[in-house]
Amino acid sequence: MADPGNNTHSDQRQHVFASFYSIITLAFILLACVELGDASTVVDVYRLIQYDISGAPFGSRVASINHHAASSLFAPGSDLSRTVLVLPLRELNQTFIREYIEQGKPLGGLLLLLPQFFRSEDSQTVVGHADNSDKEKMKRLLADLEQKLIHSTIQYPVYFAFEDEDLDKVLADIKKNDAAGQPATATTGGYKLIVSSPAPKKLASPTITNIQGWLPGSKADGSSNQLPTIAIVASYDTFGAAPALSVGSDSNGGGVVALLEIARLFSILYSNPNTRGKYNILFGLTSGGPYNYNGTQKWLRSFDQRLRESIDYAICLNSLGSGDSGLWVHVSKPPENAYVKQIFEGLSKVADELSLKVGLKHKKINVSNSRVAWEHEQFSRLRVTAATLSGLSVAPELLENTGGISDNREFVSEAAVIRSVKLVAESLARHIYGQEGKNVDIFVDNSSLAVNPSYIRSWLDLLSRTPRVAPFLSKDDAFITALKKELADHVAEVNLQHDVIDGMFTFYDSAINTLQIYQVASVTFDLLLLLVLGSYLITLFSFLVITTRGLDDLISLFRRPPPRKIKVV
């Protein structure tokens, strides 16, 4: 018969052991939480664009981050290959840009902190400490940085975020440790930055969508001749260092807003048969602008020969929100060309009345070069007279001035857009109604034909909140639907044309991610804490056993149990 005393003793021993293992398990769980449970902050971050041109890689090629953080105070000659550098825009210097961006020196990652006034949705309301001259300086710095980033191949993750109180506190702590010669490492602890993101994938067959609408002119009774056409065109999409932040308030938000307001004004005139002009007006909102105006090219090639030949001239609108100091008419045909003279003289006459300077820039087209600097050049290549009206005096390089991060609402002049609308609408109306050279105002202030500042402001605000990098816009994107609806409210026969971006461009996803910042303890601290906690638990356990069961029971826990004797029958 089994001894009841032995069974009781065995049950107590098992109970003590179970308690012991439970305590140890709890201890390890608590220790694990020391490293991973102290999250400082979680923020949205915007990745540097990743794309290819004819197979050549550009932008950041990596998306995930799992490294300790450092600041601009890192020691010279430090190995940063496993470190994420947290840098406010204002602390960037040319040495860093040259070594880590242009020359590709190894870096674990780069987090660039932008001032709040670059945040598009807040640019009108955020009260910052920077004055206008500082803001302009920061804008130029960011614009220059964007160009270097998008034209470089970077083998580490690059993200943008906006400065706020939480990030400022984290950065202050990082700087304090760096200044004291204690950079964050696995041994010393510090802040750890984590972005969990799969490897970026190619965007399959990214589309471009062109939007077209008409205001049909009035034919003379019995006339069978086709009416001449004037085209007003603006490219609406953008490109910048971060697709999720590239709103292009000026380039080309200013051009899009001007086109919509011109369409609204002429829809009033053309709604009355008595004031309908003897010209068709064609409105085109085109895509693919940053990519050699690829959408404009496909749109024009979809025209039949008769329509193309009916176009007297086209005016392309570009970056009109920066035209406070004047505007430029860019043309491909010589200034002596009759149509070019007509366009420029019409604009110059109205510009004088508005006390606005308008200059003429002639740039020949190199047919053997696929590079297209201005939208009107796509018209000129098909022998259609066209001009680009822009606040920019010089033709931009590829992917330059295409609505990047630095181009937001903070830096757009609403008054400049209003003057540009008056300039184009008035000169166009005088041509359509045969009033060239006459001091006649058609779009008079405080009349039913007056330019509407509220309309312009509301659309500028919307465009300044809407990133429009074409590969990230689907065919049925809400913004494209809104543009189509707005144009349809003013003109007739509005339709969409969908196509695929030129195959020389390839784009990758993962534009927005979440950054988790943890304040982690050093390995030395973890080991010391483990030793102290373990010692405490063992001492506590021993004390409880001795006081309740005696010293012999404690010693017996660690004795090897005697082997069982097998009874032989």
Side-chain angles (χ1 to χ4, degrees), residues 44-65 101 109-110 112 120 145-160 195 197-210 235-248 251-252 285-299 370-372 375 396-407 463 466-480 496-514:
D44 289 331
V45 289
Y46 309 90
R47 192 168 78 98
L48 173 64
I49 194 165
Q50 178 179 350
Y51 69 104
D52 303 336
I53 299 180
S54 299
F58 293 96
S60 176
R61 315 307 293 182
V62 187
S64 61
I65 290 178
I101 295 176
L110 178 60
L112 291 163
S120 295
L145 175 64
E146 281 194 84
Q147 285 301 296
K148 289 181 170 60
L149 287 171
I150 64 178
H151 289 295
S152 300
T153 304
I154 301 176
Q155 300 299 339
Y156 52 82
V158 178
Y159 282 95
F160 297 90
V195 174
S197 175
K201 297 179 181 179
K202 292 181 180 180
L203 296 176
S205 303
T207 60
I208 49 179
T209 302
N210 299 315
S235 178
Y236 66 81
D237 61 336
T238 61
F239 182 93
L245 299 177
S246 301
V247 297
S251 179
N252 192 28
L285 288 166
T286 59
S287 183
Y291 323 112
N292 287 326
Y293 295 97
N294 191 234
T296 309
Q297 178 193 42
K298 296 178 185 297
W299 179 54
S370 61
R371 170 78 180 109
V372 178
E375 189 166 18
E397 298 296 330
L398 180 64
L399 303 179
E400 182 185 16
N401 287 316
T402 50
I405 308 173
S406 59
D407 181 4
L463 287 160
T466 310
R468 304 184 302 282
V469 178
F472 297 88
L473 291 176
S474 62
K475 295 179 181 179
D476 54 355
D477 189 89
F479 174 73
I480 294 176
L496 304 180
Q497 178 199 50
H498 302 295
D499 217 314
V500 179
I501 293 178
D502 193 320
M504 68 182 292
F505 293 95
T506 304
F507 300 88
Y508 296 78
D509 62 7
S510 190
I512 304 178
N513 278 307
T514 300

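Since the model is a prediction, treat every value here as computed from it, not as a measurement.
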> Is there a donor in the side chain of Glu375 and an acceptor in the side chain of Ser235, or the other way round, less than 3.5 Å apart?
Replying inline: no

> For the side chain of Thr153 and the backbone of Pro57, is there at least one donor-acceptor N/O pair under 3.5 Å apart?
Replying inline: yes

> Do Arg61 and Asp52 sit within salt-bridge range, that is, some charged N less than 4.0 Å from a carboxylate O?
Replying inline: yes

>> Test: salt bridge (Lys or Arg N to Asp or Glu O under 4.0 Å). Region: residues 235-247. Which pairs qualify, not counting sequence neighbours?
In response: none

>> Please find the pair of heavy atoms, one from Pro467 and one from Ala244, that lie closest to each other, and give the distance.
In response: CG-O, 3.2 Å

>> Run the side chain to side chain contact (heavy atoms under 4.5 Å, CB included) test on Arg468 and Leu463 for me, step by step, so that the C-alpha distance in whole Å, both residues' side-chain angles and the decisive distance to 0.1 Å come before the verdict.
In response: CA-CA 9 Å; Arg468 304 184 302 282; Leu463 287 160; 3.8 Å; yes

>> I'd like to know if the side chain of Asp509 and the backbone of Lys201 have a donor-acceptor N/O pair within less than 3.5 Å.
In response: yes

> For Ile53 and Phe505, what are the C-alpha separation, side-chain angles and deciding distance, and is it a side chain to side chain contact (heavy atoms under 4.5 Å, CB included)?
Replying inline: CA-CA 5 Å; Ile53 299 180; Phe505 293 95; 3.9 Å; yes

>> Can you tell me which residue among Thr209, Thr296, Asn210, Asn294 is in a side chain to side chain donor-acceptor pair (under 3.5 Å) with Thr286?
In response: Thr296

> Yes or no on side chain to side chain contact (heavy atoms under 4.5 Å, CB included) for Leu149 and Phe160, after CA distance, side-chain angles and deciding distance?
Replying inline: CA-CA 12 Å; Leu149 287 171; Phe160 297 90; 3.7 Å; yes

> Looking only at heavy atoms, which two atoms of Ala63 and Ser510 are closest? And how far apart?
Replying inline: CB-OG, 3.8 Å

> If you look at every heavy atom in Ser246 and Ile405, which pair is closest and at what distance?
Replying inline: OG-N, 4.5 Å

> Which pair of heavy atoms, one from Arg371 and one from Asn292, lies closest together, and at what distance?
Replying inline: NH1-OD1, 3.2 Å

> Can you name the residues that form a side chain to side chain contact (heavy atoms under 4.5 Å, CB included) with Glu397, not counting sequence neighbours?
Replying inline: Glu400

> Going through the checks in order, is the side chain to side chain contact (heavy atoms under 4.5 Å, CB included) test met by Thr207 and His498?
Replying inline: CA-CA 7 Å; Thr207 60; His498 302 295; 5.6 Å; no

> For Phe507 and Ile501, which heavy atoms make the closest approach, and how far apart are they?
Replying inline: CE1-CD1, 4.3 Å

> Okay, side chain of Thr238, backbone of Thr402: is any donor-acceptor separation there less than 3.5 Å?
Replying inline: no

> Do the ring centers of Tyr291 and Tyr51 come within less than 6.0 Å of each other?
Replying inline: no

> Side chains of Leu145 and Ile101: closer than 4.5 Å at any heavy-atom pair?
Replying inline: yes

> How far does CZ of Phe239 sit from CG of Leu399, to the nearest 0.5 angstrom?
Replying inline: 4.5 Å

>> Is it the case that over 12 heavy atoms from other parts of the model lie below 6.0 angstrom from the NZ atom of Lys202?
In response: no

>> So does Pro200 get a backbone contact from the side chain of Gln50, meaning a donor-acceptor N/O pair under 3.5 Å?
In response: no

> Between Ile480 and Ser474, what is the shortest heavy-atom contact and its length?
Replying inline: CD1-O, 3.4 Å

> Do Val62 and Tyr156 have side-chain heavy atoms sitting under 4.5 Å apart?
Replying inline: no

> Has the side chain of Ser251 got a donor or acceptor atom that lies under 3.5 Å from a matching backbone atom of Asn401?
Replying inline: yes

